[in-house]
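A quick write-up on the structure given underneath.
Everything quoted here is computed from the prediction, not taken from an experiment. Because only heavy atoms are used, hydrogens play no part in the values below, and waters and symmetry mates are left out as well, while side chains stay in. Proteins come first, then strands; the chains are lettered A, B, ... in the order of their sequence lines, and each starts at number 1.
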Amino acid sequence: MMTDIHTFKPLPPSFYTQPVRELARNLLGHILVHETDEGVTAGIIVETECYLGMDDQAAHSFKGRRMKRTEIMYDSPGHVYIYQMHTHNLVNVVAGEEGIAHAVLIRAVEPLVGINLMQKRRPVDKITNLTSGPGKLTRALGITKEAYGSTFFNPPLYIAKGEDVKDISVGKRIGIDNSGEAKDYPYRFWETDNPFVSR
DNA sequence: GTCGAGATTGACT
DNA sequence: GTCAATCTCGACT
């Protein structure tokens with residue numbers, strides 16, 4: 001099977017040093033993998049948003065603001081930033097060199113491996129509703145705050161090399177209406193016409 | 001100690 | 001369209 005776990009190769013730390021907007025764009029097509037006792041689940045990243053540290057009113061790190069939960073954003077690129085939003089966990093990739101608190105939010109993935117396990121964790125009628133949102137995908141993949149502060153270079157939670165995405169759309173981010181002019185920044189990237197993109 | 005807000009989702013009017 | 005679930009943490013009394 002092409003989807004065998006041994007075919008997954010984590011992207012190297014150097015991948016995460018590219019400028020945050022390019023990173024957000026280039027993460028599309030790669031594979032988010034989570035290995036647990038229950039089994040392996042993985043999905044192709046089809047939607048991301050980037051948050052630009054100090055200068056982005058929508059970012060948790062706006063104006064260099066530091067909080068307990070955002071400390072990891074100031075660490076080196078490739079770290080895992082998990083944030084709890086109401087009843088859901090959201091996964092971010094820390095970007096920007098150490099001290100620069102940029103991040104990329106993974107908003108949606110396309111189920112690839114362990115679909116049965118995902119459905120067990122998150123029963124849905126339509127497969128397109130399984131991982132088509134930032135809170136949905138963490139639930140389906142079993143990602144919790146335990147992964148906070150680890151890196152995407154190694155199991156159990158890592159990003160593996162996927163395939164290039166040809167047709168990419170760019171637009172405004174979602175769910176940040178309280179962020180002044182930052183709400184209109186074109187920092188959201190998705191694979192055009194992919195049915196697993198949120199909303 | 002208390003209050004409120006938030007990068008979401010699903011159920012309901 | 002509206003609204004509550006549920007939890008972390010900063011701001012304030």
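- For the residue pair Arg121(A)/Thr36(A), the side-chain donor-acceptor check at 3.5 Å is satisfied.
- Atom CD1 of Ile174(A) and atom C1' of dA7(B) are 10 Å apart (whole Å).
- Between Cys50(A) and Val20(A), the shortest heavy-atom contact is CB-CG2, 3.8 Å.
- Contact between Phe153(A) and Pro77(A) at its shortest, heavy atoms only, is CZ-O, 3.7 Å.
- Of the C1' atoms belonging to dC9(C) and dT9(B), the separation is 22 Å, rounded to the nearest Å.
- Every side chain to side chain contact (heavy atoms under 4.5 Å, CB included) that Ser169(A) has, sequence neighbours left out, goes to Trp190(A), Thr192(A).
- Following rounding to the nearest Å, Arg173(A) (CZ) and dG6(B) (P) show an atom-to-atom distance of 15 Å.
- Separation of the C1' atoms belonging to dG1(C) and dA7(B) is 22 Å when rounded to the nearest angstrom.
- For DNA chain B, no neighbouring residue in residues 17-26 of chain A is found when judged by any heavy atom under 4.0 Å.
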Worksheet item: For nucleotides 5-13 of chain C, read 5' to 3', which letter fits each nucleotide if B means a protein heavy atom sits under 4.0 Å from the base, S means only the sugar-phosphate is that close, and - means neither?
Response: BBS-SSS--

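- Pairs engaging residues 92-109 of chain A under the salt bridge (Lys or Arg N to Asp or Glu O under 4.0 Å) rule: Glu47(A)-Arg107(A), Glu49(A)-Arg107(A) [sequence neighbours left out].
- Partners of Asn92(A) under the side-chain hydrogen bond (donor to acceptor under 3.5 Å, both in side chains) rule, at least two apart in sequence or in another chain, do not exist in this structure.
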Worksheet item: Using Watson-Crick and G-U wobble pairs with both distances under 3.5 Å, what is the 5'-to-3' dot-bracket string of DNA chain B, with [ ] for crossing pairs and | for pairs outside the strand?
Response: ||||||.|||||.

Side chains of residues 23-32 of chain A: which donor-acceptor pairs under 3.5 Å do they make with residues two or more places apart or in other chains?
{"from": "Asn26(A)", "atom 1": "ND2", "to": "Gln18(A)", "atom 2": "OE1", "distance (Å)": "2.6"}
{"from": "Asn26(A)", "atom 1": "ND2", "to": "Glu22(A)", "atom 2": "O", "distance (Å)": "3.1"}
{"from": "His30(A)", "atom 1": "ND1", "to": "Gly162(A)", "atom 2": "N", "distance (Å)": "2.8"}

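- Partner Glu110(A) forms a side-chain hydrogen bond (donor to acceptor under 3.5 Å, both in side chains) with one of Asn194(A), Thr131(A), Thr128(A) and no other, that one being Asn194(A).
- Looking at residues two or more places apart in sequence or on another chain, you find a side chain to side chain contact (heavy atoms under 4.5 Å, CB included) between Lys183(A) and Ile176(A), Asp177(A).
- Distances shorter than 4.0 Å separate some side-chain N or O of Asn178(A) from OP1 or OP2 on dG6(B).
- Heavy-atom distances under 4.0 Å link DNA chain C to no residue of residues 94-111 of chain A.
- The separation between Asp177(A) atom CG and dA5(B) atom P is 15 Å, rounded to whole Å.
- Residue Tyr83(A) and nucleotide dA7(B) are not classified as a stacked aromatic pair, given the requirement of ring centres less than 5.5 Å apart at an interplanar angle below 30°.
- Using a 4.0 Å cut-off between charged nitrogen and carboxylate oxygen, Lys166(A) and Glu191(A) do not count as a salt-bridge pair.
- For the ring-ring contact (aromatic ring centres under 6.0 Å, His included) test, no residue two or more places apart in sequence or in another chain qualifies with Phe189(A).
- For Phe62(A), the side chain to side chain contact (heavy atoms under 4.5 Å, CB included) test picks out Gln57(A), with sequence neighbours left out.
- Between Ile72(A) and Tyr83(A), the closest side-chain pair of non-hydrogen atoms is not below 4.5 Å.
- Only at 4.0 angstrom or more do the heavy atoms of residues 179-199 of chain A sit from any atom of DNA chain C, so none qualifies.
- Residue His102(A) holds its NE2 atom at 10.0 Å from OH of Tyr74(A), rounded to the nearest 0.5 Å.
- In this entry the distance linking CG of Asn92(A) with P of dT8(B) reads 11 Å, nearest Å.
- Distance CD1 (Ile82(A)) to P (dA7(B)): 16 Å, rounded to an integer number of Å.
- In the hydrophobic cluster analysis, where Ile, Leu, Val, Met, Phe, Trp and Tyr join through side-chain heavy atoms closer than 4.5 angstrom, Ile168(A) is grouped together with Tyr187(A).
- Tyr51(A) and His60(A) have their aromatic ring centers separated by at least 6.0 angstrom.
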